[in-house]
Amino acid sequence: NYNIPMQAGAEGISIAQDTVVFVKMKAQIKLGTMQNGTVTLNGFEQDMWCYAGEQVEVVALADLGYQLLQFEGADIFDGKLVVDGTKTIVALFESKPVAIVLSSTEQGNVYATVNGAPFAETSTYKIGDVVAINTNVNTIGYHFEGYMGSFCGSLANNLSTTYTIVPQD
């Protein structure tokens, strides 16, 4: 009951009052398991507790040779998450495209397949793709010496060899 004071000579009135208490919701933002990169929440690579309505900065850090494809588990806009409940965030990373260029000389030819399919210079490939390279000599008096190029893994100097695309490519 709540008593309202009245002026002298007036009768007092008694009013029943219920008390309602509101408490801001607290929620946990969790980091799921990621491959080929990591995620930070407000600059830290760990789960955190937040209040509803709080804004959390979400940053995806891709490993070398990879890029962010998308986030799952929460709506993240311009690197921000507005907390509205417990969430588990997972970032999906994909290989950056890798272009392969093969060239031959008059003295020999280079042929390739990628993952068993015919090689096409107009296609892009990705980390982990396996390139099978076959070389032949066309001109009498020449022999195969080796491969030259800007690849980062190891490539055997054989007429037939394979190469797996690595993140540094």
Side-chain angles (χ1 to χ4, degrees), residues 27-50 54-169:
Q28 188 174 24
I29 307 301
K30 302 175 187 178
L31 293 174
T33 303
M34 258 91 38
Q35 294 179 1
N36 306 314
T38 59
V39 171
T40 62
L41 303 173
N42 287 346
F44 298 98
E45 212 174 307
Q46 62 188 24
D47 300 347
M48 63 185 297
W49 285 93
C50 306
E54 195 174 327
Q55 221 179 48
V56 176
E57 181 184 50
V58 182
V59 176
L61 304 166
D63 290 345
L64 179 67
Y66 291 87
Q67 61 192 5
L68 176 67
L69 176 62
Q70 67 186 37
F71 286 107
E72 288 186 345
D75 293 327
I76 299 167
F77 300 102
D78 295 327
K80 304 284 184 204
L81 164 69
V82 177
V83 177
D84 63 356
T86 296
K87 307 279 184 199
T88 300
I89 298 172
V90 174
L92 301 178
F93 298 94
E94 66 180 351
S95 171
K96 288 182 178 177
V98 177
I100 300 173
V101 177
L102 298 176
S103 59
S104 304
T105 65
E106 293 176 2
Q107 293 78 30
N109 295 320
V110 178
Y111 305 97
T113 60
V114 180
N115 299 327
F119 168 76
E121 283 195 22
T122 57
S123 296
T124 55
Y125 300 98
K126 62 185 185 331
I127 295 167
D129 283 348
V130 177
V131 183
I133 302 170
N134 296 298
T135 307
N136 66 339
V137 177
N138 295 352
T139 308
I140 297 175
Y142 285 86
H143 70 276
F144 174 76
E145 182 69 26
Y147 297 101
M148 294 186 309
S150 60
F151 47 86
C152 295
S154 62
L155 186 61
N157 279 329
N158 301 326
L159 286 171
S160 295
T161 190
T162 60
Y163 177 76
T164 302
I165 298 173
V166 297
Q168 295 82 358
D169 282 330

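This is a predicted model, so every value here is computed, not measured.
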Exercise. With the side chain counted from C-beta on, respond yes when C50 and V56 share a heavy-atom pair under 4.5 Å apart, and no when they do not.
Key: yes
Quiz item: Distance from E57 atom CD to D78 atom CG, nearest 0.5 Å?
Solution: 11.5 Å
Practice problem: Tell me, please, which residues at least two apart from D47 pass side chain to side chain donor-acceptor pair (under 3.5 Å). | Solution: none
Practice problem: Among residues two or more places apart or on two chains, list those pairs meeting side chain to side chain donor-acceptor pair (under 3.5 Å) that have a residue in residues 32-42. | Solution: none
Practice problem: Could you tell me the separation between the CZ atom of F119 and the CG atom of L102, rounded to the nearest 0.5 Å? | Solution: 4.0 Å
Quiz item: Given side chains that start at C-beta, do those of T135 and T161 come closer than 4.5 Å, heavy atoms only?
Solution: no
Practice problem: State the CE-CG distance between M34 and L61, to the nearest 0.5 angstrom. | Solution: 10.0 Å
Quiz item: L81 and A74: which non-hydrogen atoms are nearest, and at how many Å?
Solution: CD1-CB, 3.9 Å
Practice problem: Go through the steps for E72 and L92 under the test side-chain contact (heavy atoms from CB on, under 4.5 Å), then give the verdict. | Solution: CA-CA 8 Å; E72 288 186 345; L92 301 178; 3.3 Å; yes
Practice problem: Please list all pairs passing the side chain to side chain donor-acceptor pair (under 3.5 Å) test where one or both residues lie in residues 83-100, with sequence neighbours left out. | Solution: Q67-E94, D84-K87
Quiz item: side chain to side chain contact (heavy atoms under 4.5 Å, CB included) with L68: which residues, sequence neighbours excluded?
Solution: A60, F71, A91, F93
Quiz item: Do V82 and K80 touch side chain to side chain, with heavy atoms closer than 4.5 Å?
Solution: no
Quiz prompt | Closest heavy-atom pair and its distance - V83, A27 | solution = CG1-CB, 3.9 Å
Quiz item: Heavy-atom distance under 4.5 Å between the side chains of I89 and V58, does that happen here?
Solution: yes
Exercise. Using the test side chain to side chain donor-acceptor pair (under 3.5 Å), find all partners of S160 that sit at least two apart in sequence or belong to another chain.
Key: N134
Name each donor-acceptor pair under 3.5 Å that joins a side chain in residues 105-112 to protein atoms two or more places apart or in another chain, with its distance.
from, atom 1, to, atom 2, distance (Å)
T105, OG1, Q107, N, 3.3
T105, OG1, Q107, OE1, 3.1
N109, ND2, Y111, OH, 3.2

Practice problem: Mind checking side chain to side chain donor-acceptor pair (under 3.5 Å) for Y142 and listing every partner two or more places apart, or none if nothing turns up? | Solution: none
Quiz item: Would you say T162 and T164 make side-chain contact, with heavy atoms under 4.5 Å?
Solution: no
Quiz item: Does a side-chain heavy-atom distance below 4.5 Å link L41 with Q46?
Solution: no
Quiz item: Does a side-chain heavy-atom distance below 4.5 Å link V114 with V130?
Solution: no
Self-check item: Sequence-distant partners of N115, side chain to side chain donor-acceptor pair (under 3.5 Å), two or more places apart
Solution: D129
Quiz prompt | Taking every non-hydrogen atom, the tightest pair across P97 and T124 | solution = CB-CB, 3.8 Å
